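Written out below as structure tokens is the structure these notes cover.
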Protein chains: 2
Amino acid sequence: MDTHLLRTFVAVARHGSFTAAATELGYTQSAVSQHVAALETDLRTPLLRRRPVALTDAGARLLEHAEPLLLRLAAARADVTRLVAAPAEHLVVGASALALGGGLAGALAAVRSRRPLVSPTVRVLERTEIAARVADGTLDLGLVDGVAAPTDPLPLPDVGPLSAVAVAQAPLAVLLPPGHPLEGRRGLRLADLADARWIDAPEAAMPLDRLRAASGSDGFRPSLRYEGTDVRGLIALALAGHGLALLPEPALDGVAAGVPVPRLVHRVELLHGGLTDGPAALLAAALTG
Amino acid sequence: MDTHLLRTFVAVARHGSFTAAATELGYTQSAVSQHVAALETDLRTPLLRRRPVALTDAGARLLEHAEPLLLRLAAARADVTRLVAAPAEHLVVGASALALGGGLAGALAAVRSRRPLVSPTVRVLERTEIAARVADGTLDLGLVDGVAAPTDPLPLPDVGPLSAVAVAQAPLAVLLPPGHPLEGRRGLRLADLADARWIDAPEAAMPLDRLRAASGSDGFRPSLRYEGTDVRGLIALALAGHGLALLPEPALDGVAAGVPVPRLVHRVELLHGGLTDGPAALLAAALTG
DNA sequence: GACTTGTCATCAGTGATACTTATGTGGCGT
DNA sequence: ACGCCACATAAGTATCACTGATGACAAGTC
């Protein structure tokens, strides 16, 4: 079970094609075929069905392991080289959509004034992607938002030793349509709303599966799916009665009133993998200080 | 950064010797030397100081990544082969010391009566070791205990997709020496006791760092360290005033009275990596059913 | 201080093996 | 039925991952 074999296996599984994987990796089709065959004889079980190429059960299981494994391998390399190499004079920040608000603009301005030569990049990514890209060095810093108990850290995919610091924290509010029976309630436990219908807006609000994890319930069934990062659109849909939405209170922005949710907060955390003293450290200081 | 290179690097770091690592791995010393050199040129930084052999900073960092990486690799192999191979007719259960109580004896008896031929092994291990050994297939089942909020799962080191099921849950109690100012209190939040002096008994009770994580405080300073799994000894020390101890209430066993701690429970969870239908599945059914 | 000893680095040689090129084979569409 | 596409297999080669031998260096011994 060599890393190279796993890498080509993952490529084949992703492309659904031996030849496509071969061209991606710079191999011949023959080599890819041999790699997969070697893995299969090593594990004594077929991993792929051919013609058409599809994962077997064992293959699917292996893929579940292989992808994070390769990610962690890349993270290890990035972490060690980060120790050695001089801090780069560029700055790439990844942020989930709802994490953009908390002072990033101001902090970036502070960096630019002190280091006019660096031209920062801000990249909006899915929450799951950010930790991975910070770990493997593609991003210098990450800003992720999420819902958690006030004392708990945000649950993050474990991709190696990353440091996380809270940079902003706000109460949560459920956005109810006008006339909803619960309107005007003072406190609303999230579990009480597990049976309600929700708008599933994984980019603009909290993904519903995260709510289930945070509340320990398995409700939160979606009535409408909203694909996009624009919060205003989500608010409009929620007010029109298409479903409930859970948002940080500041995001409501006076446009609408929400019912506060106790015991849970919306938090933005800064992710980094060991700061040296490049522009990334400056930005981190501006964000946290 | 091949897996073989990482493996020999880890072996060298553990043994503090190239030759010892070579004999362990069945290589010549020359090969080990070349492996380490290859890693160092690949990462463009020395990983080990020689004569005496010691880790550099970069080497220590790499080791932090390499060990879990190799563990996950073994876990992946075990997980896939478990899918394929026939369920073995043996049964190895790992358990942390405080997890032994909850019905394991009875459940084992149930298994033995139905499968008289299997001779089970019970192995008492440190909490951190159990998840790793279940993942890589050394253990068929694991029983770990820990402290968490009633709705939260126990925090486990992430070694791949493992299933965890609660098998026993008990309230927690702080064991105070007689005459302690807080004696007789009804409820006691753990954070209130962060400044007190504690007995650090990582094998017999909860390790203090776990308490810090569970309570979100950084107190819980140790006044005495207790190495051993015998709870009676720990109770005697706590009653003699050497420090506080946090134990599941049943463990006090009438010997002593403790002050209950709300919002946190002691829980024993059963760990397995996908059950087939061997004796392990029988035992799991007996424990959870 | 020379000698011995133990340990890691280096070199040259060789056997394994990881690739390529070329060819075989089976399903699928026309 | 036929060709076409995609994966499997075979044969050949070039690389490189090992071994064994030797060198270099530090520490301990007399």
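Letters go in sequence order (proteins before strands), and every chain restarts at 1. Just so we're clear, the structure is a prediction, and the values are computed from it rather than from any experiment.
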Note to self: Using the ring centroid of each side chain, check whether His242(A) and Tyr226(A) are separated by less than 6.0 Å.
What the structure shows: no
Checklist line | Matching residue for Leu91(A) among Val122(A), Leu139(A), Asp140(A), Thr121(A) - test: side chain to side chain contact (heavy atoms under 4.5 Å, CB included) | finding: Asp140(A)
Notebook entry, point to check: For the pair made of CG in Leu25(A) and P in dT20(C), what is the distance, rounded to whole Å?
Noted result: 11 Å
Next item on the list: Determine whether the side chains of Ser30(A) and Thr28(A) contain a donor N or O and an acceptor N or O closer than 3.5 Å.
Entry: no
Item checked: Protein-to-nucleotide contact annotation, 5' to 3' order, nucleotides 10-27 of chain D [B base; S sugar-phosphate only; - none; under 4.0 Å, heavy atom] -> B-------BBB----BS-
Margin query: Distance check needed: dA8(D) C1' versus Arg50(A) CZ, whole Å only.
Written below: 9 Å
Notebook entry, point to check: Passes side-chain contact (heavy atoms from CB on, under 4.5 Å), Val165(A) versus His272(A)? Steps please.
Noted result: CA-CA 9 Å; Val165(A) 204; His272(A) 65 265; 4.2 Å; yes
Next item on the list: Taking only heavy atoms on the protein side, list every residue of residues 13-22 of chain B lying under 4.0 Å from any atom of DNA chain C, sorted numerically.
Entry: Ser17(B), Phe18(B), Thr19(B)
Next item on the list: In whole angstrom, give the distance that lies between atom CG of Asp42(A) and atom P of dA18(C).
Entry: 12 Å
Check: Looking at Arg127(A) and Ala205(A), what are the two nearest heavy atoms and their distance?
Finding: NH2-O, 2.6 Å
Indicate every side-chain donor-acceptor pair of residues 60-73 of chain A with a distance under 3.5 Å to a residue at least two apart or in another chain.
{"unit_1": "Arg61(A)", "atom_1": "NH1", "unit_2": "Asp79(B)", "atom_2": "OD1", "d": "2.7"}
{"unit_1": "Arg61(A)", "atom_1": "NH1", "unit_2": "Asp79(B)", "atom_2": "OD2", "d": "3.3"}
{"unit_1": "His65(A)", "atom_1": "NE2", "unit_2": "Asp79(B)", "atom_2": "OD2", "d": "2.6"}
{"unit_1": "Arg72(A)", "atom_1": "NH1", "unit_2": "Asp158(A)", "atom_2": "O", "d": "3.2"}
{"unit_1": "Arg72(A)", "atom_1": "NH1", "unit_2": "Asp158(A)", "atom_2": "OD2", "d": "3.4"}

Check: Charged N to carboxylate O under 4.0 angstrom, Arg225(B) versus Glu203(B)?
Finding: no
Next item on the list: Have a look at Val53(B) and say if it touches a base, only the backbone sugar-phosphate, or nothing, with a 4.0 Å heavy-atom cut-off.
Entry: sugar-phosphate
Check: Between Arg77(B) and Asp136(B), is there a side-chain N and carboxylate O pair less than 4.0 Å apart?
Finding: no
